[in-house]
Amino acid sequence: MIEKDVLIIGGGPSGLCAASMLLDSGLEVMIVDRGLALGGQLIKQTHKFFGSKAQYAKTRGFDIAKILIEQVLNHENLEVLQEATVLGLYQDKVATVSYQNEYLKIKAKTIIVATGASEKFLAFENNDLPGIYGAGAVQTLMNQFGVKPADEIIMIGSGNIGLIVSYQLLQAGIKVKAVIEASSRIGGYKVHASKLRRLGVPIYTNKTIKRAIGKNKVEQAEIISLDDQFNEIEGTSEIIDVDAICISVGLAPSYQLLDMVDAKLGYIPELGGTVALVDDHHMTTVDGIFSCGDSIGIEEASSAMMEGYLTGLYVSKYLNQAHPNYDELVQKYEKSLELLRGGPFGSKTRKGLKDMKEMLNDVR
Ligand SMILES: Cc1cc2nc3c(=O)[nH]c(=O)nc-3n(C[C@H](O)[C@H](O)[C@H](O)COP(=O)(O)OP(=O)(O)OC[C@H]3O[C@@H](n4cnc5c(N)ncnc54)[C@H](O)[C@@H]3O)c2cc1C
């Protein structure tokens, strides 16, 4: 059995930032990640990020990943297992890990679950035909492995991810025939939508996919118009020739490991769906098991980093080995998080967090 002060499951931005605070506090840390490389979602992001300088605005996602990895890698108190999947988590703070065809057991004084999110999917006829991808899968193929996933594609969903991945598809030489959005408004930032439109990609609202058509793989997509109750408007069917369909209809927090330890969960749509309830110090209802980043609410890399730093700090105090600059840093990162969640774009998250607090009070 491997023994550590802290086991971090997930080496995305939130896990890496938590690790940096814990290492600075003199604790022994292990990061376990199932990916080929550390960095989580960031390693697929070829675009420059928005936001403020403190969260690496105007830097490309994969370059942010490099900065965060450099902050911790080669630290004498850090051990990293890559291509290692945590399969089981137990209340006595033991994790079972599948690594190089073996099962390892890791026991830690505290565990931070920073497993990010998974893609939501859509129910429609023939949605299992080869050629139907989630936007994250398309990004992995193109940006991580250099594989062109299609020649002609249609994007379902106009949130920021749908818009950004559509642009990246164009950059890879793929014709994006249209972006289709079921609601009456484009979900993502106007700047991303305008860029696509300037490049000749139509964005249709009040429409959805009804069916994928093809014998052994996608050959066409049937698109229909919707009324304001999201019902099909008869006679609006349109067939579009494509060899792939990309689905980008949101992300769902990866809470499953926390369910295994019986952490209390709540369904909070504003945070992306089912999440483990955490307190102000990011501890779940299971003593010593913490969570941060997209796994407890879908936001952005900027907030995942701030949550990661804070969770690392809180855990250092929980283990009676508080970071030397604990108070100053907690104040700094809490302030940054508050700023990120301020304004109209943060209203959904603020509501979600308020609901989480109420749910937590109810279960206690
Ligand atoms: C297309 C796209 C564009 C984006 N653009 C922006 C942007 O412009 N600005 C911005 O701020 N944010 C952006 N984001 C969001 C940002 O990437 C995420 O919010 C952020 O990566 C979340 O960080 P995280 O550490 O919580 O999770 P992730 O980055 O998802 O990392 C989770 C890690 O956990 C690992 N893992 C999961 N389960 C297990 C397991 N059982 N065992 C071992 N390892 C496991 C995964 O391999 C992964 O490395 C974008 C996201 C996407 C998809």
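Counting starts at 1 for both ligands and their atoms, in listed order.
- Contacts of A135 with ligand 1, taken as heavy-atom pairs under 4.0 Å, are absent altogether.
- A donor and an acceptor atom, one from each side chain of T46 and Q168, are located under 3.5 Å apart.
- Heavy-atom contacts from other residues, nucleotides or ligands closer than 6.0 Å to NZ of K148 number more than 12.
- A donor atom on one side chain and an acceptor atom on the other are found under 3.5 Å apart for D287 and Y318.
- Counting heavy atoms under 4.0 Å from ligand 1, residue S254 does not touch it at all.
- Enclosure of atom NZ in K348 is not indicated, since only 12 or fewer non-hydrogen atoms of other residues, nucleotides or ligands lie within 6.0 angstrom.
- Every atom of ligand 1 is numbered from 1 in the order shown, and the set under 4.0 Å from a heavy atom of G293 is 26 (O).
- For atom 5 (N) of ligand 1, the closest non-hydrogen atom of the protein is H47 NE2, 3.1 Å.
- Judged by a 6.0 Å distance limit and a 45° cone about the ring axis, K207 is positioned over the six-membered ring of Y204.
- Among all non-hydrogen protein atoms, the one lying nearest atom 40 (C) of ligand 1 is V86 N, 3.8 Å.
- For ligand 1, the atoms lying closer than 4.0 Å to a non-hydrogen atom of G40 are 29 (O), 31 (O), 48 (C), 49 (O).
- By the 6.0 Å and 45° rule, K58 does not stack over the aromatic ring of F49.
- Atom 44 (N) of ligand 1 has R34 N, 3.1 Å as its closest protein atom, hydrogens excluded (heavy atom only).
- Set against the non-hydrogen atoms of A304, the atoms of ligand 1 under 4.0 Å away are 22 (C), 23 (O).
- Nearest heavy atoms, A252 versus I298: C-CD1, 4.1 Å.
- Distance check, rounded to the nearest 0.5 Å: OG of S302 to CG of L340 gives 5.0 Å.
- Any N or O atom pair closer than 3.5 Å counts here, and P13 shares at least one such pair with ligand 1.
- Residue G10 has at least one heavy-atom neighbour below 4.0 Å for each of these atoms of ligand 1: 33 (C), 34 (O), 35 (C).
- Neither the backbone nor the side chain of K44 has a heavy atom within less than 4.0 Å of ligand 1.
- Given atom 37 (C) of ligand 1, the protein heavy atom at minimum distance is T115 O, 3.3 Å.
- Counting the atoms of ligand 1 from 1 in the order shown, those under 4.0 Å from a heavy atom of A114 are 32 (C), 33 (C), 34 (O).
- The contact set between ligand 1 and D294, taken as ligand atoms under 4.0 Å from a residue heavy atom, comprises 18 (C), 19 (O), 20 (C), 22 (C), 26 (O).
- Proximity to G35 (heavy-atom distance under 4.0 Å) selects the following atoms of ligand 1: 47 (O).
- What sits closest to atom 52 (C) of ligand 1 on the protein, heavy atoms only, is Q45 NE2, 3.2 Å.
- At the shortest separation from atom 17 (O) of ligand 1 among protein heavy atoms lies Q41 CB, 3.3 Å.
- Remark: distances from the non-hydrogen atoms of S248 to ligand 1 are all 4.0 Å or more.
- The protein non-hydrogen atom at the shortest distance from atom 24 (P) of ligand 1 is S14 OG, 3.6 Å.
- Other residues, nucleotides and ligands contribute over 12 non-hydrogen atoms within 6.0 Å of the CD atom of E358.
- In summary, the atoms of ligand 1 found under 4.0 Å from a heavy atom of V32, numbered by their order in the structure, are 43 (C), 44 (N).
- Contacts between A301 and ligand 1, counted as non-hydrogen atom pairs separated by less than 4.0 Å, involve both the backbone and the side chain.
- Checking I180, T208, N231 one by one against I224, the side-chain contact (heavy atoms from CB on, under 4.5 Å) holds for a single residue, T208.
- Residue-ligand proximity: Q256 is placed with every non-hydrogen atom at 4.0 Å or more from ligand 1.
- T96 and K105 form no side-chain donor-acceptor contact under 3.5 Å, judged by distance and modelled atom types alone.
- With a 6.0 Å radius and a threshold of 12 heavy atoms from other residues, nucleotides or ligands, Q331 has its CD atom at or below the threshold.
- Residue contact annotation: G136 has no non-hydrogen atom under 4.0 Å from ligand 1.
- The protein atom (non-hydrogen) at minimum distance from atom 33 (C) of ligand 1 is D33 OD2, 3.6 Å.
- For the pairing with I245, the side-chain contact (heavy atoms from CB on, under 4.5 Å) check across N127, V218, L122, I240 returns one residue only, V218.
- Between atom 1 (C) of ligand 1 and the options R60, E119, Q139, E83, the minimum heavy-atom separation is to Q139.
- For K264, the NZ atom sits in a loose shell: 12 or fewer heavy atoms of surrounding residues, nucleotides or ligands are nearer than 6.0 Å.
- Annotation for K109: atom NZ does not count as buried by contact number, only 12 or fewer foreign heavy atoms lying within 6.0 Å.
- Closest heavy-atom approach to atom 9 (N) of ligand 1 among the candidates Y56, Y189, F49: F49.
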